Amino acid sequence: MSVEVDVLLQEAKESIEAAQNYRSELQQRLNGLNQARKQVRGSSGQAREALRRHFAELQAAATRLLTERLTTLLAEVDTIEADSIKPLDDCQSLIEHGVGQADELLREGEAALRCGLGEKEDKLGSFTKKAMHIQLDSLPEVPALVDVPSVSAQLDDSLLGLLRDRVSRHGSVSSHPPVQIEELQERPGSIFVRWCKVDEDFAAADYRLQYRRSGSGGGQYEDAYIGRDCEFLVLHLDPHIDYLFRVCARGEGRTEWSPWSIPQTGYTTLAPHEWRSGTEGYILSSRRNIALRNDSSQSHCPVLYSNAPTYFCGQTLTFKISAAGQMDRRDGLGVCIGSDRGGESLQRDQAVCISTNGAVYVNGKEMTNQLPAVTVGSAVTFDMEVVNLFPVNNNNLSDSSNFKLRVTIGSGNREVVFDWLVDQAVDCLFFGCCFVHSGWKVLVF
């Protein structure tokens, strides 16, 4: 009986644990639903506010433009009226003056006819002289109506139709943005962001990626990339800090950007690549990811190593050349197992590098394959993967020939691939550079 009780107790415990797990899963789904509901309601409220604000601004701008145009046209009417009325007023003044003279002449003539015989001759003579002086046969010219402006307003009724058509197609509401962030990969001091279109009918001409620190004190979003690519490496990020990323797109032939994607949170736990400070002949930037060769020595070619072995197999290490000096076959950009072997060159044992002339060296030996020469704007990449972690020769466990790293070095539009034999199993390496002449400037990421 005790055995049966134990079995029942065990089944009860398992059922209770299953019920707890079930409740926990349901609770998580409820939280997910609440977040989804919050996103729908929050984004809908933001969309309403954006629409109201935009159309209020349009209405105000349209009213202002129409008022300005009306004011301009009314001013033109006022100018035409003033310019046209002035000569008519002048002509009216002249005619009214003539009418006054004629009235006065008529009164004098009538008075002369009524006067006595003694005064008649003098008054008639004075009247005749005055009539001759007035030139009663001279009349001012009055313009014909066809010669006088007839002001009218020409209004194109098609404007309302055009406006109605444009307004009916102005703006849109979408339930999902046309692009979304697809992947966030941590890199040393950076995050690799990849995005994709989710609306196949949307023809994207450009993409715009922005980021900011997460949290209330994260500040404003800032642009990280604008272009046609669907991926970008965002540099200069602090490890163990959450960052928010969002992306939008601009359609072919359009000037406005699409709605932003749903912000995604990413962070990196990997320390940024840094050059080692204190190396003679090199100046470092404040973040120590940019190195400048600042003097030349034909007999001395110091190697500038990384501050720590921060390059891990499976990652991509990139050297970006932003300034170039004179080439020398002893120059090099590459990776190595240790930073304490030979400070004069990377063309040595337990190191692989590319010289500025494009030659590739593996453990100090030059390969037959060669890459393009390194110049301003060049990006040299190193990719490595472990081929063998442990020796496979059972008779000789110290046989170093069985430790291999598959190395891919890319420069320009070419790359070389080879297996690198190392004397120990490693998954993280130092990187370094060396230049004989000054003027070389390299960014590592």
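Please read these numbers as outputs of a predicted model, since none were measured by experiment. Computed from heavy atoms alone, side chains included, the values below leave out hydrogens, waters and symmetry copies.
- Y207 does not carry R228 over the face of its six-membered ring by the limits of under 6.0 Å from the centre and within 45° of the normal.
- In this structure, E25 pairs ionically with R29, as a charged nitrogen and a carboxylate oxygen lie closer than 4.0 Å.
- Two residues are said to be in side-chain contact when any heavy atoms from C-beta on lie closer than 4.5 Å; I354 and F382 meet this criterion.
- Counted by atom type alone, D331 and T356 present one or more donor-acceptor pairs between their side chains at under 3.5 Å.
- Side-chain contact between D199 and H176: absent, with no pair of heavy atoms (C-beta onward) separated by less than 4.5 Å.
- A parallel orientation is assigned to the rings of W260 and Y221, their planes being inclined by less than 30° (bins at 30° and 60°).
- When all heavy atoms are compared, the tightest approach of R212 to G215 is NH1-O, 3.2 Å.
- The minimum heavy-atom distance linking S84 with P149 is given by the pair OG-CG, 2.9 Å.
- In this structure, R41 places its CZ atom where only 12 or fewer heavy-atom neighbours from other residues, nucleotides or ligands lie under 6.0 Å away.
- At least one test fails for R288 against the ring of W275: distance under 6.0 Å to the centre or angle within 45° of the axis.
- Side-chain polar atoms of D83 and T79 form no donor-acceptor pair below 3.5 angstrom.
- More than 12 heavy-atom neighbours from other residues, nucleotides or ligands sit within 6.0 angstrom of CZ on R208.
- Within the model, atoms OG1 of T310 and CD of Q315 stand 8.0 Å from one another, a figure rounded to the nearest 0.5 Å.
- Rounding to the nearest 0.5 Å places CG of N21 at 11.0 Å from CG of L26.
- For the atom pair H240 NE2 and E186 CD, the distance stands at 9.0 Å (nearest 0.5 Å).
- Remark: Y243 pairs with no residue by the ring pair (Phe, Tyr, Trp, His ring centres under 6.0 Å) rule, at least two apart or across chains.
- By the 30° and 60° cut-offs, the orientation of the rings of F435 relative to Y282 is tilted.
- Using a 30° and 60° split on the angle between ring planes, H273 and F431 fall in the perpendicular class, above 60°.
- When every heavy atom of A204 is checked against every heavy atom of K197, the shortest pair comes out as CB-CD, 4.3 Å.
- Taking CD from E256 and CZ from R250, the interatomic distance works out to 9.5 Å, rounded to the nearest 0.5 Å.
- Taking 4.5 Å as the limit, some side-chain heavy atom of I85 sits within range of a side-chain heavy atom of L88.
- When only modelled atom types and interatomic distance are considered, T316 and D383 share a side-chain donor-acceptor pair under 3.5 Å.
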Validation: residues 367-374 side-chain donor-acceptor distances under 3.5 Å, sequence neighbours left out:
{"from": "Q370", "atom 1": "NE2", "to": "N357", "atom 2": "O", "distance (Å)": "2.9"}

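- No hydrogens or angles considered: a donor-acceptor pair under 3.5 Å links the side chains of R187 and Q185.
- In terms of heavy atoms, A271 sits closest to P188 at O-CB, 3.2 Å.
- Take E96 and apply the salt bridge (charged side-chain N to carboxylate O under 4.0 Å, His left out) test, not counting sequence neighbours, and it matches no residue.
- Using a 4.5 Å cut-off on side-chain heavy atoms (C-beta onward), V142 and C91 make contact.
- With L317 as reference, V444 is the one residue of V444, L429, V380, T381 to meet the side-chain contact (heavy atoms from CB on, under 4.5 Å) rule.
- V407 approaches W420 most closely through the heavy-atom pair CG2-CB, 3.8 Å.
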- Task: Would you check, one step at a time, whether the test side chain to side chain contact (heavy atoms under 4.5 Å, CB included) holds for R329 with Y361?
- Result: CA-CA 11 Å; R329 63 178 302 276; Y361 293 85; 3.4 Å; yes

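- Two residues are said to be in side-chain contact when any heavy atoms from C-beta on lie closer than 4.5 Å; P272 and P239 meet this criterion.
- Proximity of T72 to R69: side-chain heavy atoms (C-beta onward) are separated by under 4.5 Å at one or more points.
- The structure places CD of E274 at 8.0 Å from CG of N289, a figure rounded to the nearest 0.5 Å.
- Annotation: the span from M384 atom CE to C313 atom SG amounts to 7.0 Å, rounded to 0.5 Å.
- Of all heavy-atom pairs between W257 and C248, the closest is CE3-SG, 3.7 Å.
- More than 12 heavy atoms of other residues, nucleotides or ligands lie within 6.0 Å of CG in L30, so this atom counts as buried by the packing criterion.
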